[in-house]
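Working notes for the structure below.
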Amino acid sequence: MSDLTPIPHEPAEGESDCDHALTHLYDYLDSEMTEADEQRMRAHVAHCSPCLAELSIEELVKKLVKRSCAEHAPETLLVRIRQQITVMTVSD
């Protein structure tokens with residue numbers, strides 16, 4: 001992880017700690033943070049219920065998308081879809 005750019009420790013002007021954490025939420029979920037930044041993120045969400053809730057939701061969404069992308073449609077469904085596309089293409 002040494003090639004990762006550290007995230008600024010302090011929020012930008014006018015940005016709350018929560019805004020800062022949520023801005024970098026996907027960096028955290030995708031393991032695209034330095035170890036020090038990950039520790040700061042974990043420390044923040046450990047004491048901030050709204051950010052922890054947002055993190056939990058985003059983790060769930062990410063898992064659902066990953067699982068959905070791994071499932072394959074039944075062959076009969078694929079055949080029906082191809083038939084419908086063919087019918088629509090021929091009739092146009």
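No hydrogens, no waters, no symmetry mates; every other heavy atom, side chains included, goes into these values.
- Leu77 and Ala73 make their closest contact through CD2-CB, 4.0 Å (heavy atoms, listed as atom of the first residue, atom of the second, distance).
- The side-chain contact (heavy atoms from CB on, under 4.5 Å) check on Leu64 picks up Leu60, Arg67, with sequence neighbours excluded.
- Every residue meeting the side-chain contact (heavy atoms from CB on, under 4.5 Å) condition with Glu75, not counting sequence neighbours, appears here in chain and number order: Leu78, Val79, Arg82.
- Residue Lys62 holds its NZ atom at 8.5 Å from NZ of Lys66, rounded to the nearest 0.5 Å.
- Note that the CE atom of Met33 and the CE atom of Met41 stand 3.5 Å from one another [nearest 0.5 Å].
- In this structure, CD in Glu15 is found 9.5 Å from CG in Leu22, a value given to the nearest 0.5 Å.
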Going by atom type alone, with no hydrogens or angles, which donor-acceptor pairs under 3.5 Å involve a side-chain atom of residues 42-58 and a protein atom two or more places apart or on another chain?
from  : atom 1 : to    : atom 2 : distance (Å)
Ser56 : OG     : Leu52 : O      : 3.0
Glu58 : OE1    : Tyr26 : OH     : 2.1

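- Between Glu38 and Tyr28, the closest heavy-atom pair is O-CE1, 4.0 Å.
- Applying the side chain to side chain donor-acceptor pair (under 3.5 Å) test to Asp17 and every residue at least two apart in sequence or in another chain returns nothing.
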